Amino acid sequence: MKKTLIASAIAAATISGTALAQESNMPTVYGNIQYAVTYSDVEGGANGLDHRDNGSTLGILHDHEIAPGITGFFKIELEGINADDKANSSGIDKLDEAYIGVKGDSFGQLWVGSDDSTYERAIDTIANFYEAADLSIGGSYDTGEGDLVQYSTPSFGGLTLGAAVQVNGDGTTGGKSYPYQLAAIYAVDSLELAFAMDSNDGTTGYSSNGADINNENTYGLRGTYDAGDFSLTGEYQTRKDVGDTYGVMGVYALGANQFALSYEMFSSDVTGGADSDTVTLQALHNLSDNMYVYFEGYLGGGDDGAYGVPTESEASVAAVGAVYYF
């Protein structure tokens, strides 16, 4: 449930507030309340209406000049508010992002902590685009978003390189001590191409012989063509003895409205595993600079399983939501 519009709004707020922050050296506080009402229809499973908090967060970020051309920064973002249900909410009790780092035009950006991973940002765009994301598929990679040391180079004629290592320590059971990710993103005119790999930590995923540990690498390719109001994205992700994920998505902006349509498919390599596919439609309307509403419809076909966990069912989900952010 990654919120593309919210992330863009936070970035815009940070830029617009730079002058004030420089004068007062105060951090930027941001947040959002997200509600969604969904109706699910699962063949052979549970059907019904659900009202939920869809990932409300509260965050703080700040940066300052360490030396000419060198900036230090930090960000912390908390969630777990459960804004829809006061009786079952224990307040903000879950960390989403927390990191510190340094950046500069000449050497790029280095940061440490919990954040979206290098592979995820480079490749897994479609699954992270939608608001409700109930049947989104995504790729099979499991290095995770915590204990990360990440680095991104400046752009070399449109080419940006990225790397991440997760510091698990030598005592990690069933996994690698230092799983890593590498990425290359090349942008020229309206086209952006990305390639990335994740060494994975071997604690999740499925192998063809039924074992629940798989140390094979994940590889991903993404291409995005941006023609102003319209963008088209295609993705391919693969992991040996787990499966392949394919996806294509088109997004069209019309004034205050946004429309998106995508198709995702997972083909399992696991013996007895399940294939799955999902068609997703989104219609989103910006009510103001701080609020938008949306409708999303999901249709899951075939064996609606994920990464070798067969459910042998078809599912459909309709979601209506609203987001207020500052």
Side-chain angles (χ1 to χ4, degrees), residues 1-16 32 105 108-109 116-139 152-162 183-197 219-238 244-266 277-299 319 321 323 325:
M1 298 187 298
K2 302 296 181 183
K3 311 305 185 290
T4 304
L5 287 182
I6 290 176
S8 300
I10 291 170
T14 304
I15 294 172
S16 64
N32 56 79
D105 294 337
Q109 178 171 303
D116 295 342
S117 70
T118 293
Y119 181 96
E120 180 182 11
R121 290 192 308 273
I123 304 297
D124 212 11
T125 300
I126 299 174
N128 289 312
F129 177 84
Y130 293 104
E131 302 291 321
D134 287 81
L135 297 182
S136 295
I137 295 177
S152 177
T153 70
S155 176
F156 301 106
L159 176 64
T160 303
L161 304 177
I185 303 173
Y186 180 65
V188 55
D189 298 327
S190 299
L191 182 64
E192 183 175 88
L193 301 174
F195 169 77
M197 65 82 63
Y219 298 96
L221 292 169
R222 177 185 59 84
T224 298
Y225 179 76
D226 189 346
D229 292 334
F230 176 75
S231 68
L232 180 66
T233 294
E235 296 176 1
Y236 170 68
Q237 302 179 65
T238 184
D244 301 324
T245 304
Y246 308 83
V248 61
M249 177 178 68
V251 182
Y252 179 64
L254 180 64
N257 304 301
Q258 174 181 281
F259 303 95
L261 177 65
S262 67
Y263 175 74
E264 299 168 89
M265 181 181 73
F266 174 74
D277 60 356
T278 297
V279 176
T280 307
L281 172 68
Q282 181 196 75
L284 183 149
H285 177 68
N286 289 286
L287 297 172
S288 68
D289 291 339
N290 297 92
M291 189 173 183
Y292 61 87
V293 295
Y294 62 88
F295 166 82
E296 290 179 352
Y298 301 82
L299 180 61
V323 177
Y325 58 89

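These figures come from a predicted structure and were not determined experimentally.
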Handout entry: Nearest-0.5 Å distance, OH of residue Tyr292 to CG of residue Leu287
Key = 11.0 Å

Practice task
Look up atom CE in Met249 and atom OG1 in Thr125, then write down how far apart they are to the nearest 0.5 Å.
Solution key: 6.5 Å

Problem - Set of residues satisfying side-chain contact (heavy atoms from CB on, under 4.5 Å) with respect to Ala256, sequence neighbours excluded - result: His285, Asn286

Problem - Atom pair CD/OH of Glu192 and Tyr225 - distance to nearest 0.5 Å - result: 14.0 Å

Practice task
Examine distances only and state if a side-chain atom of Thr278 and a backbone atom of Leu135 form a donor-acceptor pair shorter than 3.5 Å.
Solution key: yes

Completion exercise
d(Leu221 CG, Ile123 CD1) to nearest 0.5 Å is 6.5 Å

Do any side-chain atoms of residues 226-233 form donor-acceptor pairs under 3.5 angstrom with protein atoms, and if so which ones, sequence neighbours left out?
unit_1: Asp226; atom_1: OD1; unit_2: Gly228; atom_2: N; d: 3.1
unit_1: Thr233; atom_1: OG1; unit_2: Thr224; atom_2: OG1; d: 3.0

Exercise for the section: Please identify each residue that fulfils ring pair (Phe, Tyr, Trp, His ring centres under 6.0 Å) with Tyr246, with sequence neighbours left out. Expected result: Tyr236

Exercise for the section: List the atom of Ser152, the atom of Thr160, and the distance in Å for their closest heavy-atom pair. Expected result: OG-CG2, 3.5 Å

Exercise for the section: Looking only at non-hydrogen atoms, find the nearest pair between Met291 and Tyr325 and report the distance. Expected result: N-CE2, 4.2 Å

Handout entry: Least distance between heavy atoms, Tyr130 atom then Ser136 atom
Key = CD1-OG, 4.2 Å

Practice task
Please list, chain by chain and in numerical order, all residues satisfying ring pair (Phe, Tyr, Trp, His ring centres under 6.0 Å) with Tyr298, sequence neighbours excluded.
Solution key: none

Handout entry: Heavy-atom pair with the smallest gap, counting every atom of Ala194 and Ile185
Key = CB-CG1, 4.0 Å

Practice task
Return the minimal non-hydrogen interatomic distance between Thr118 and Gly162, and the atom names on each side.
Solution key: CG2-C, 4.0 Å

Exercise for the section: For Gln282, enumerate each residue passing the side-chain hydrogen bond (donor to acceptor under 3.5 Å, both in side chains) test, keeping only those at least two apart in sequence or located in another chain. Expected result: Gln258, Glu296

Completion exercise
Interatomic distance, OG@Ser262 vs CZ@Phe129, rounded to 0.5 Å, equals 8.5 Å

Problem - Listed partners of Ala184 passing side-chain contact (heavy atoms from CB on, under 4.5 Å), at least two apart - result: Leu159, Leu161

Problem - Atom pair CD/CD1 of Glu235 and Ile126 - distance to nearest 0.5 Å - result: 4.0 Å

Exercise for the section: Could you check Tyr263 against Asp277 for side-chain hydrogen bond (donor to acceptor under 3.5 Å, both in side chains), going step by step and ending with a plain yes or no? Expected result: CA-CA 7 Å; Tyr263 175 74; Asp277 60 356; 3.2 Å; yes

Exercise for the section: Determine the minimum heavy-atom distance between Gly138 and Asp124, stating which atoms define it. Expected result: CA-OD1, 3.6 Å

